[in-house]
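Proteins come first, then strands; the chains are lettered A, B, ... in the order of their sequence lines, and each starts at number 1.
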There are 2 protein chains.
Amino acid sequence: MKMITREELIGKLKERGFKITPQRLAIVNVLVKRGHLHPGANLILEEARKKTERVSLSTVYATLGELSQQGLIKNLEFDQLENRCEVNLEEHINLVCKLCGKITDYHIPPSLEPKDIAREAGFIVTDARMEYYGYCRNCTTLPKRAHAGRQIQDENA
Amino acid sequence: MKMITREELIGKLKERGFKITPQRLAIVNVLVKRGHLHPGANLILEEARKKTERVSLSTVYATLGELSQQGLIKNLEFDQLENRCEVNLEEHINLVCKLCGKITDYHIPPSLEPKDIAREAGFIVTDARMEYYGYCRNCTTLPKRAHAGRQIQDENA
DNA sequence: TTTTCATTTCGGAATCATTCCAGTTTAGTA
DNA sequence: TACTAAACTGGAATGATTCCGAAATGAAAA
Ligand SMILES: [Mn+2]
Ligand SMILES: [Mn+2]
Ligand SMILES: [Zn+2]
Ligand SMILES: [Zn+2]
């Protein structure tokens, strides 16, 4: 899975005139290291604070907003759940476990071409979002446990 | 496009022990008539009030919650936008226009089988959500107009 | 280095969709 | 018609996100 690097992200921010602050560095670090978890603002804050003495939730939201505007990450919204960050910009489906809340990436084979849809429906596709909800491998074996979707389920992934 | 009827919905509610109240009738009516717009709670309230003298927003939310729990409709969440109702339960992609906010249904051909994904990823798919964001036919011709996505864009659809 | 200042950060208040609640009304049954 | 569990209501509570004025600070210029 191609992963964006810390340096790429920071470089792009610098290019575009953003100042490189300890807060932004910390947040970018979390995104790079924990991106696969599709972290939310509060997890990012928590993790960022382990590296930088001073970060606020406002700043996390602000920074995520900037990164999102710059097209460097995406924002995922969920029912009853805080928003999460999508760092993997390749087209893929997020598999969202209804039991533990873990979100894993599934890369689709080249079919279901956006172009086809544009042509048929007169709709220009600029952005896609596909999610399958269900039960992940862990939650399939242990039938009915762990209701609330805790963040940070790190065992594997 | 197969559309659920007023009678089906009311019948199912009755079956399952729900009382048939003027409020529920009004809300169901709106869902049947305006379902293709993927209406949100406030639009539903507005429309329902044209038929029933007395309905409250609380009741709209409560009723939508019940219908959703009963699996008769689905709840769609969006960035910066109130939730919308999905009345079309067939598997399809919602085409969400970034300019006018209109959401139209696109039915996919039988490919991208959930079963395949389950097998490959060890994930049991119980529910799917797919959306393409972009620009609808109207907004494609008139390049850069109409920013905020107003609800009720009835011209066609 | 020091100066400078636009940008960034911060905490707290504001927002706003949604949920909760306690009191009142009512659908459906007998 | 009377009864009662369910449903409805308006207002208050919630909680994630956004907004804001004031204080702090990168980084370019001197
Ligand atoms: Mn993903
Ligand atoms: Mn739809
Ligand atoms: Zn799981
Ligand atoms: Zn449009």
Side-chain angles (χ1 to χ4, degrees), chain A residues 10-30 38-46 48-49 51-70 73-85 101 148-151, chain B residues 9-28 30 38-46 48-49 51-70 73-85 101 148-151:
Chain A
I10 296 171
K12 293 203 174 170
L13 285 179
K14 210 174 283 184
E15 275 176 24
R16 300 174 199 195
F18 289 93
K19 293 182 179 173
I20 304 309
T21 67
Q23 290 84 356
R24 282 180 178 148
L25 284 176
I27 292 167
V28 164
N29 277 339
V30 176
H38 301 81
N42 285 291
L43 172 58
I44 293 172
L45 178 64
E46 210 176 293
R49 279 185 168 158
K51 299 290 177 181
T52 308
E53 56 301 335
R54 223 177 148 55
V55 203
S56 74
L57 187 54
S58 299
T59 298
V60 172
Y61 275 114
T63 302
L64 294 181
E66 292 155 0
L67 290 171
S68 189
Q69 275 181 355
Q70 296 298 314
I73 65 173
K74 284 184 181 179
N75 196 34
L76 305 176
E77 309 83 37
F78 296 97
D79 197 20
Q80 307 288 61
L81 223 60
E82 79 178 334
N83 291 356
R84 301 290 205 85
C85 289
R150 286 281 319 106
Q151 249 183 31
Chain B
L9 273 174
I10 295 171
K12 292 202 175 172
L13 285 179
K14 210 174 282 184
E15 275 175 25
R16 300 175 198 195
F18 289 93
K19 293 182 180 174
I20 304 308
T21 66
Q23 289 85 358
R24 282 180 179 147
L25 284 175
I27 291 166
V28 164
V30 175
H38 301 79
N42 285 291
L43 171 59
I44 293 172
L45 178 66
E46 209 176 291
R49 279 186 167 156
K51 298 291 176 180
T52 307
E53 56 301 335
R54 221 176 149 55
V55 205
S56 74
L57 186 56
S58 298
T59 298
V60 172
Y61 275 113
T63 302
L64 295 180
E66 292 154 358
L67 290 170
S68 190
Q69 275 183 355
Q70 295 298 314
I73 65 174
K74 284 184 179 178
N75 196 34
L76 305 176
E77 308 82 40
F78 297 97
D79 198 19
Q80 307 287 61
L81 222 59
E82 80 179 332
N83 291 356
R84 302 291 204 84
C85 289
R150 287 280 320 106
Q151 249 183 32

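- In this structure, the CG atom of A:Leu13 is 11 Å from the P atom of D:dA27, given to the nearest Å.
- Rounded to whole Å, atom P of C:dT9 lies 10 Å from atom CZ of A:Phe18.
- Residue order along DNA chain D, read from the 5' end via each residue's closest nucleotide, puts B:Leu57 first among A:Arg54 and B:Leu57.
- Counting to the nearest Å, the P atom of C:dT19 and the CD atom of B:Glu66 are 12 Å from each other.
- Each of C:dT9, C:dC10, D:dC8 was ranked by its minimum atom distance to the side chain of A:Val55; first place goes to C:dC10.
- Scanning both residues, B:Glu77 and A:Phe78, for their nearest heavy atoms gives OE1-C, 3.9 Å.
- Put simply, the side chain of B:Ser58 and the base of D:dG10 share a donor and an acceptor less than 3.5 Å apart.
- The distance between atom CG of A:Leu45 and atom C1' of C:dC10, rounded to the nearest whole Å, is 12 Å.
- Applying the 4.0 Å criterion to OP1 and OP2 of C:dC10, one finds that A:Thr59 has a side-chain N or O inside that range.
- For the pair B:Asn75 and B:Pro22, both in contact range of DNA chain C, the more 5′-proximal nearest nucleotide belongs to B:Asn75.
- Side chain of A:Gln23 to main chain of A:Val60: no donor-acceptor pair is present (N/O by atom type, distance under 3.5 Å, no hydrogens or angles).
- Atoms CZ (A:Arg84) and P (D:dA16) sit 13 Å apart, rounded to a whole Å.
- Within 4.0 Å of A:Thr21, counting heavy atoms only, lie sugar-phosphate atoms of the nucleic acid but no base atom.
- Rounded to a whole Å, the CD1 atom of A:Ile20 is 11 Å from the P atom of D:dA28.
- What separates CG of B:Leu25 from P of C:dT26 is a distance of 15 Å, to the nearest Å.
- The side chain to side chain contact (heavy atoms under 4.5 Å, CB included) test with B:Ile27 singles out one residue from B:Leu45, B:Thr63, B:Thr52, and that residue is B:Thr63.
- What separates NZ of B:Lys19 from C1' of D:dC8 is a distance of 11 Å, to the nearest Å.
- Considering only side-chain N and O atoms, B:Gln23 lies nowhere under 4.0 angstrom from the phosphate OP1 or OP2 of C:dA27.
- Of all heavy-atom pairs between B:Cys85 and B:Leu64, the closest is SG-CD2, 3.7 Å.
- Checking the phosphate oxygens (OP1, OP2) of C:dT18, a side-chain nitrogen or oxygen of B:Asn83 falls inside 4.0 Å.
- Among C:dC10, D:dA16, C:dA17, the nucleotide with an atom closest to any side-chain atom of A:Glu82 is D:dA16.
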**Request:** Just do the side chain to side chain contact (heavy atoms under 4.5 Å, CB included) check on B:Thr59 and B:Thr21 with the steps written out, would you?
**Result:** CA-CA 11 Å; B:Thr59 298; B:Thr21 66; over 6 Å; no
